[in-house]
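Report on the following structure.
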Amino acid sequence: MADAAFQRCINPACGAEFDCGQAIFKCPQCGDLLDAQYDWDRVAVPDKLSEFGKRWATRDRRLDLSGVWRFRELLDFCPDEHKVTIGEGQTILQQNCAIAEHLGMKPDALHLQYEGLNPSGSFKDNGMTAAFSHAMMVGATSCACASTGNTSASVALYAHSCGLKCTVFIGSGRIAFGKLSQAMDYGAQTIQIAGDFDDCMRQVQAVCTELGLYLLNSLNPFRLEGQKTIMYRIIEALGWEAPDWIVVPGGNLGNSSAFGKAFLELKQLGLIDRVPRLAIVNATGADTLTDLVNNKKLVWNGGNVDQRIIDDYYADLTARHFSPHTCASAIEISRPVNLKKCLRAIDVCDGVVLAVTDEEICDAKALIGKYGLGCEPASAATIAGLKHLLARGTVAKDDRVACVLTGHALKDPNVTVNYHKDRLGEFSNAPIEVPNDLAEIIKLIR
Ligand SMILES: *Cc1c(COP(=O)(O)O)cnc(C)c1O
Ligand SMILES: [Zn+2]
C-alpha cells in the first residue's frame, strides 16, 4: 500500500506534511529537511524480520533479487510497477579475524560490510534505486546531482538504465579517477565547477529549482530510504540480530542519517529489541560534524536544533575561506546537508563522532586491502576510527562491530599506488625493481 507513505518536515515546530507524488526535497514552508514517513498500520510489515529472508528462494523475481527491494515493506512509498532495479545490494558481511586480531579485538567480533560490491561500486546504489523509483513515479525526465564522485557514478548508471537525461556537477580536481571515468562512460553530462563539493551542492540546488530537474543528492529523502537496507542486510547476515556497533564514514551524512532512521523504525515496529550504537568517522580535514558535536555541543534536542550554532560555524568557515581537504575525497565536505538528521541518528543510537588523519586512513586502507577485500580511502576511516574507540575503551574488545566499507578498492587507485610506491605507511608494499635477468629474479623470490 504505497499510499500509506507521505513526506514530513523534520522540524517539529513546522511538521508540514506532503504527499509522495511531489518532488520538493526541502520543506517549502520552513526550508528544513523532509523525511519519508509511513502510516505503519496500513503497511503489511511482517511480524518477524526473518520473513524477509524467505525472498532468497524467489530471487528469480527482480524485486526479490534486489538487496534493497527484498525489504520493500520497510520503504513502501512507491508502487511496484515504478520500481527501478539493476541488482543492487548483493553485498556481503565478512567476519574478519585477521583485522580483529590486529586491532586487539576478539577474533569473531569484527565484521566488514562490503558495499563496494554494488553495480557502480559504492553504497550509493542502495539510495539511487529508491530515488530513481520515486523519479519514475513522479514522471521525471531529467535529473542532476552534485558529487564528490560516487553519487555521479551511481546517478549516471541508474539514469541511463531508466532513460533519464542526467547532469552531474563535480568540483574540479576533487574527484577520484575511477569515479570520473564512470560518469563519462555511463553517458552523463559532466560539469566540472571551479570549486569544491559545497560549491557544487549550492549550484545544483539552484539549477534544479530553475530548470525543474529531479535532484538526486541525499537531500532527497527517498534516497535515504534505500540506504536503510544496508542495516537490514547486516542484521540479516548476523542471523537477524543487531550488532553492538555500526561504524560508518561521515561525509554529507546521508548514510548515518538513514541508519538511525532504520533502527528507530525497527524499534518502533518491535522488529528489534536493541538499537546498536553508531560511530561516525570524519577526516580531520573535513570534520564539521565532529567539531559541532564534540566541541560546540550541538544536539538533536527533540528536533529543536540550535540553528545559531550551525549558522555561526558556517559563517566562520566562509570568513576563513575554508575549503575541506582530505585524501578521502568521498568525505571531503564541510557543510553536510543531512547534519540535522544525523543529529537525530546520534540521539537514537547513542552515537559518537570522531575524526582521523589521512595517514591513519591510508594505513587502515592498506590493512583492509591486505586482509580483506579492499576499499577506497573514505571507507577505511571506519577501521581507523575503530582503533581510537578501542584505545579509549568506548568499544570493548568483544563488542560485535560492523564497519560499513562504502566504496570499492578500484575507485581511487592513485591513493593506493602512492601509498605503496612512496612507502608512506607501515603496510606499504612497493614493487621491487629488478633487471630483466632470470638469476636476479630467482634470487629475489627465493
Ligand atoms: C558518499 C560516500 C561517503 C559519504 O557518505 P555520506 O552519506 O555522504 O556521509 C563515504 N564513502 C564513500 C565511498 C562514499 O561514496
Ligand atoms: Zn517545515
Side-chain angles (χ1 to χ4, degrees), residues 91-92 94-105 107 110-123 148-150 153 170 172-186 249 281 283-285 325-332 356-388 390 403-446:
T91 63
I92 59 165
Q94 178 198 43
Q95 192 173 62
N96 196 310
C97 308
I99 299 179
E101 279 176 40
H102 194 91
L103 297 178
M105 297 173 75
L110 179 66
H111 300 78
L112 307 178
Q113 175 70 14
Y114 285 100
E115 289 301 311
L117 298 176
N118 274 292
S120 81
S122 85
F123 79 83
T148 61
N150 282 330
I170 53 186
S172 216
R174 300 297 189 115
I175 183 171
F177 257 47
K179 307 175 187 182
L180 178 60
S181 68
Q182 286 179 290
M184 296 188 298
D185 209 37
Y186 298 149
V281 190
T284 49
H325 276 287
T326 165
C327 70
S329 54
I331 52 174
E332 192 180 56
V356 295
T357 65
D358 279 12
E359 290 70 29
E360 291 170 324
I361 287 173
C362 288
D363 279 333
K365 194 182 96 61
L367 188 64
I368 295 163
K370 185 167 180 176
Y371 296 115
L373 309 185
C375 64
E376 68 167 276
S379 316
T382 54
I383 291 292
L386 177 58
K387 217 170 164 172
H388 283 278
L390 286 161
C403 292
V404 182
L405 301 186
T406 45
H408 198 280
L410 294 177
K411 288 283 191 176
D412 195 348
N414 283 2
V415 168
T416 310
V417 170
N418 292 343
Y419 176 86
H420 289 295
K421 272 190 77 169
D422 301 342
R423 301 179 190 282
L424 298 180
E426 82 177 279
F427 302 102
S428 290
N429 178 29
I432 305 160
E433 307 271 348
V434 62
N436 186 13
D437 177 289
L438 183 61
E440 292 284 337
I441 295 170
I442 286 179
K443 210 160 72 189
L444 262 177
I445 300 173
R446 175 170 277 150

* **With sequence neighbours excluded, residues passing side-chain contact (heavy atoms from CB on, under 4.5 Å) with Leu117** => Thr91, Ile92, Tyr114
* Asked: Under the side-chain contact (heavy atoms from CB on, under 4.5 Å) test, which residues partner Ile445, sequence neighbours left out?
  -> Ile441
* Structure fact -> One should read off an interatomic distance between Ile175 CD1 and Ile170 CD1, to the nearest 0.5 angstrom, of 4.0 Å
* Which residues share a side-chain contact (heavy atoms from CB on, under 4.5 Å) with Leu410, sequence neighbours left out -> His408
* Asked: If you look at every heavy atom in Asn429 and His420, which pair is closest and at what distance?
  -> N-ND1, 2.9 Å
* To do: Please report the C-alpha distance between Cys362 and Leu424 in whole Å, then the side-chain angles of each, then the deciding distance to 0.1 Å, and finally whether the side chain to side chain contact (heavy atoms under 4.5 Å, CB included) criterion is met.
  => CA-CA 8 Å; Cys362 288; Leu424 298 180; over 6 Å; no
* Test side-chain hydrogen bond (donor to acceptor under 3.5 Å, both in side chains) applied to His388 - qualifying residues, sequence neighbours left out -> Glu360
* With side chains defined as the heavy atoms from C-beta onward, is the minimum distance between Tyr419 and Asp363 less than 4.5 Å? -> yes
* To do: Hey, could you give me the SG/CD1 distance between Cys403 and Ile99, rounded to the nearest 0.5 Å?
  => 8.5 Å
* What's the shortest heavy-atom distance between Cys327 and Val415, and which atoms? -> O-CG2, 4.0 Å
* Asked: side-chain hydrogen bond (donor to acceptor under 3.5 Å, both in side chains) with Thr416: which residues, sequence neighbours excluded?
  -> Lys365
* Asked: Which residue pairs pass the ring-ring contact (aromatic ring centres under 6.0 Å, His included) test when at least one of the two sits in residues 421-446, sequence neighbours left out?
  -> His102-Phe427
Which pairs of donor and acceptor atoms, one on a side chain in residues 369-376, lie under 3.5 Å apart (sequence neighbours left out)?
residue: Glu376; atom: OE1; partner: Lys179; partner atom: NZ; Å: 2.7
residue: Glu376; atom: OE2; partner: Asn150; partner atom: ND2; Å: 2.8

* **Lys411: salt bridge (charged side-chain N to carboxylate O under 4.0 Å, His left out) partners, not counting sequence neighbours** => none
* Go through the structure and list residues passing side-chain contact (heavy atoms from CB on, under 4.5 Å) with Ala409, not counting sequence neighbours. => none
* Counting only N and O atoms by type, is there a donor-acceptor contact under 3.5 Å from the side chain of Ser428 to the main-chain atoms of Ala430? -> no
* **Side-chain heavy atoms of Val356 within contact of Lys387, under 4.5 Å** => no
* Asked: With side chains defined as the heavy atoms from C-beta onward, is the minimum distance between Ile383 and Leu110 less than 4.5 Å?
  -> yes
* To do: If a pair satisfies salt bridge (charged side-chain N to carboxylate O under 4.0 Å, His left out) and one of its residues is in residues 421-434, list it, with sequence neighbours excluded.
  => none
* Asked: Does the Asn418 side chain pair with the main chain of Asn414, one donor and one acceptor, at a distance under 3.5 Å?
  -> yes
* **Closest approach of Ala380 to Ala364 (non-hydrogen atoms, all atoms of both residues)** => O-CB, 3.5 Å
* Asked: By side-chain hydrogen bond (donor to acceptor under 3.5 Å, both in side chains), which residues pair with Asp412, not counting sequence neighbours?
  -> none
* Do any N or O atoms from the side chain of Asn118 and from the backbone of Ser120 form a donor-acceptor pair under 3.5 angstrom? -> no
* Asked: Nearest heavy-atom pair of Ile361 and Ala283: which atoms, and what distance?
  -> CD1-CB, 4.1 Å
* **Atom pair CG/CD of Asn96 and Glu101 - distance to nearest 0.5 Å** => 10.0 Å
* To do: Could you check if a side-chain atom of Leu112 sits within less than 4.5 angstrom of a side-chain atom of Thr382, using non-hydrogen atoms only?
  => no
* Residue list, side-chain hydrogen bond (donor to acceptor under 3.5 Å, both in side chains) with Thr406, at least two apart or on another chain -> Ser379
* If every non-hydrogen atom of Ala328 is compared with every non-hydrogen atom of Pro377, which pair is closest and at what distance? -> CA-CB, 3.8 Å
* **Closest non-hydrogen atom pair, Val404 against Glu115** => CG1-CG, 4.1 Å
* Calculate, to the nearest 0.5 Å, the distance between atoms CD1 and CG belonging to Ile432 and Leu444 respectively. => 5.5 Å
